[in-house]
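Since we're looking at a predicted model, the values are computed, not measured. These values consider heavy atoms only, across backbone and side chains, with no hydrogens, waters or symmetry-generated copies.
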Amino acid sequence: MRGRPSALALATLAAASFLAGCGNRVEPATAEVTPTTLNAQAEAAKAFDLGDPRDFDNAQRGLVARPTGRVVGVDGRVLVDFEAFRFVEGPAPPTVNPSLWRQAKLNAQVGLFKVADGIHQLRGFDLANMTLIEGKTGWIVIDTLTSAETAAAALAFARQHLGNRPVSAIVFTHSHIDHFGGAHGVLTPQQASERSVPVVAPEGFIEESTSENVLVGIAMGRRSAYQFGKDLERSAGGLVDNGIGKELAYGRFGILPPTLLITKDRQEVTLDGVHFVFHNVPGAEAPAELVFTIPELKAMGGAEILSQTIHNLLPVRGAQVRDALRWASYLQQTLDEMGDSEVYFGQHNWPVWGREQIVGFLTRQRDIYKYTHDQTVRLINAGLTPGEIAETIQLPKSLREHPAVRGYYGDLRHNVKAVYQFYMGAYDGNPAHLNPLPPQESAKRYVALIGGANKCVAAAQSAFDKGDYRWAAELLNHVVFADSGHAAAKALLARSYEQMGYMSEASTWRNSYLTAARELRLGPPKTGIDRSGAIELLAQTPVERFLEALAAGLDGQAAEGKQWKINLVLSDTKQSFVLWIENAVLHFKASSPATDANATLTLTQPILIKTLAGTAGVRDTLLSDDLQVDGSALDLVRFFSLFDKASGTFPIVTR
């Protein structure tokens, strides 16, 4: 998961890319389904054979037991409710695209499953899967889910049904938090150290997993609530699925440092008597990622470069654009290296059995990324812009009729824009777009030109009545940006978003539309990201990453003309940094304390982490025994006052 921070608290890091602020879940204000939407659902039902039982047989194959009840956090919050998606059964309701409903039913197969002799999976305890490989002395755990609570619950459930075996090794497949954040629920750092448990990860894992999104974590975390539908009611009118799984668990996240890095294209390792052939596949789905085969078990693990859906080349939450061409090449490499594997399993969705079926699955996955890349590049060179390419490109029948390459998580129209951005940037070459007016200003002028907000709303109502929801939304978006208090525009825009959400095959689009509708009615969230659960993760983050985030939060206008210099000394790790402001830019370097500094702040790394994570403030701790200030405490406070304290609750669909 490829595929998670006030200015200081940008250090929520990878967690922020996935985990957004909490809000109250409410039922949608309406369950309106228009004739246009009903017709669209009927057409979607014809896309391919939705009744083909093969995927359903695979999703249920090997079931050992299903969990019941809930997984609850230390603060009493429900992290996972195993009954929450019980409504996902039977025919598709009119509020859900029938193709997405099929995927939702497949992902609702929750429990402990036997994949093959010596291999089990736990699915539905979190967004990702936990895979257990039977070693000579214990379980080799492949990925540890998002939170310690869900990881502990999954492992306990497995032990209940398979025996109380210890954890003999851990493999982190890649640097997205839903695959490593629950590490401490499987094995504490002390246990891992005392028992010398091998922890395997791809090269660059710690750097990528602790720094992903550090600089824009606030914005990415805010947007992730849209992508994952976090605050939507679990219902046929709200969250039904996330394409690669049901939902994320927002608990405590940690990490374990690897003891063995996979650095080669092909690297053989024996863990607890089990022979693995690992392959390093960085820079596609995740910056750091590995896949592997287990020859003796005739099995292959595809991490997240293979899922039962199109993946994201550019998540709607935001991220660096992923390389479609490299992704396709890794899938060809996986085909070449699969040996005599008879079962494929990934860290999302359900497995595939049989060599012929695996080859077909891999081939179509390879070709969806290669086709997306090549056809986008062809149309770029024909002079088309991103929006034009998205409207033009179509998959060949040989791909579009296979559900494993449908857009339940990623989406073809969004992915072609990612390919365009990868090569050409966000600018489409039209000089009118070099320096456009800000959205609010252009919205006001468009509304005035049309004849006022009421005329815009009337035109949008006419478009809505004709089922032209995209145009209705475009008109109403101008009104709402020009006047965020226009109740009629907000109400009709919410209705338009709902219809588009109901029709969307992509869970990420559905969740975004329905979250937008909710926000138009209820307003932005009242609280932002809760960083307290990420302290164990942040403890593994290099101090330099915190300081980079700090620099990116400096208010340049407020800092103009300031020349302050601050020494930062970590008394427990014996690290020392000099921070200074020059030309309204914060610089830093590892150095002995400067003699001409305004102040020297001496503290321990845990206190620094709590301060930067937003769970403790400099003003609150200046007089604490855990901090020592030499020089001007007033200058130190003035220095930190120059940094934004972004809450992560900014509006998205209004201004």
Side-chain angles (χ1 to χ4, degrees), residues 25-47 50 87-88 91-104 225-243 316 387 390-391 406-409 411-414 453 456-481 484 486-523 652-654:
R25 297 173 183 170
V26 298
E27 289 285 358
T30 73
E32 173 188 21
V33 182
T34 67
T36 298
T37 298
L38 288 173
N39 290 335
Q41 309 296 46
E43 286 300 310
K46 301 175 185 177
L50 299 181
F87 67 90
V88 183
T95 54
V96 185
N97 179 293
S99 180
L100 177 58
W101 186 253
R102 177 185 183 275
Q103 186 80 351
Y226 274 63
Q227 174 171 327
F228 293 111
K230 181 182 184 298
D231 296 326
L232 297 176
E233 175 69 18
R234 279 57 176 156
S235 73
L239 179 67
V240 299
D241 200 57
N242 266 297
V316 296
E391 293 293 316
R406 303 289 297 190
Y408 303 118
Y409 188 54
D411 182 271
L412 178 65
R413 293 159 294 177
H414 196 67
C456 280
V457 173
Q461 182 68 63
S462 178
F464 182 93
D465 293 341
K466 295 174 184 176
D468 192 356
Y469 307 123
R470 291 170 71 185
W471 177 235
E474 190 167 332
L475 284 169
L476 293 163
N477 186 61
H478 283 308
V479 179
V480 171
F481 265 58
S484 62
H486 199 292
K490 291 167 66 176
L492 185 55
L493 182 54
R495 292 172 63 200
S496 301
Y497 282 149
E498 276 180 335
Q499 299 308 307
M500 290 191 284
Y502 294 160
M503 290 187 287
S504 294
E505 183 178 61
S507 64
T508 51
W509 288 35
R510 174 188 173 89
N511 294 343
S512 296
Y513 283 132
L514 297 185
T515 299
R518 179 185 187 276
E519 196 163 304
L520 284 163
R521 292 172 176 136
L522 300 179
I652 290 178
V653 290
T654 60

Over all heavy atoms of both residues, which pair between Asp411 and Ala506 is shortest? Give the atoms and the distance, please. OD2-CB, 4.0 Å
Output the distance between atom CD (Gln103) and atom OH (Tyr409), rounded to the nearest 0.5 Å. 12.5 Å
Please find the pair of heavy atoms, one from Leu476 and one from Ala460, that lie closest to each other, and give the distance. CG-CB, 3.5 Å
For a side chain to side chain contact (heavy atoms under 4.5 Å, CB included) check, start with the C-alpha distance between Lys466 and Trp471, then their side-chain angles and the critical distance, and finish with the verdict. CA-CA 10 Å; Lys466 295 174 184 176; Trp471 177 235; over 6 Å; no
Among Glu498, Met500, Glu519, whose side chain to side chain contact (heavy atoms under 4.5 Å, CB included) with Leu514 holds? Glu498
What is the distance from atom CG of Leu520 to atom OG1 of Thr654, rounded to the nearest 0.5 Å? 7.0 Å
With no hydrogens and no angle check, is any side-chain donor or acceptor of Gln499 less than 3.5 Å from a backbone partner on Thr34? yes
Heavy atoms, side chains only, cut-off 4.5 Å: are Trp101 and Pro93 in contact? yes
Closest non-hydrogen atom pair between Ala489 and Val457, with its separation: CB-CG2, 3.8 Å
Hey, what's the ring geometry for Trp509 with His414, parallel, tilted or perpendicular (30° and 60° as the breaks)? perpendicular
Quick check against the 3.5 Å criterion: does Thr508 have a side-chain atom that pairs as donor or acceptor with the backbone of Gln227? no
Can Ser512 and Tyr497 be counted as having a side-chain donor-acceptor contact under 3.5 angstrom? no
To the nearest 0.5 Å, how far apart are OG1 in Thr36 and CG in Asp465? 9.5 Å
Donor-acceptor contact below 3.5 Å, side chain Glu233 vs main chain Gly238: no
Can you check side chain to side chain contact (heavy atoms under 4.5 Å, CB included) on Asp231 and Thr515, steps first, answer last? CA-CA 7 Å; Asp231 296 326; Thr515 299; 5.9 Å; no
Starting at CZ of Arg510, measure out to OG1 of Thr95 and round the result to the nearest 0.5 Å. 5.5 Å
Work out which heavy atom in Ala517 is nearest to a heavy atom in Ala494; give both atom names and the distance. CB-O, 3.5 Å
Correct closest heavy-atom pair for Phe87 and Ala236 would be CE1-N, 3.4 Å
Quick one: pull up CZ in Arg102 and OH in Tyr408 and give me the separation to the nearest 0.5 Å. 6.0 Å
Non-hydrogen atoms of Ser99 and Leu50 that approach each other most closely: CA-CD2, 4.1 Å
Please check: side-chain N/O of Arg470 versus main-chain N/O of Asp468, any donor-acceptor pairing under 3.5 Å? no
Measure the spacing between CD of Glu43 and CG of Leu38 and express it to the nearest 0.5 Å. 12.5 Å
Any Leu100 side-chain heavy atom under 4.5 Å of Val240 side chain: yes
Just by distance, do the side chain of Asn511 and the backbone of Tyr226 share a donor-acceptor pair under 3.5 Å? no
Kindly say whether Leu492 contributes a backbone atom to a donor-acceptor pair with the side chain of Gln461 at under 3.5 angstrom? no
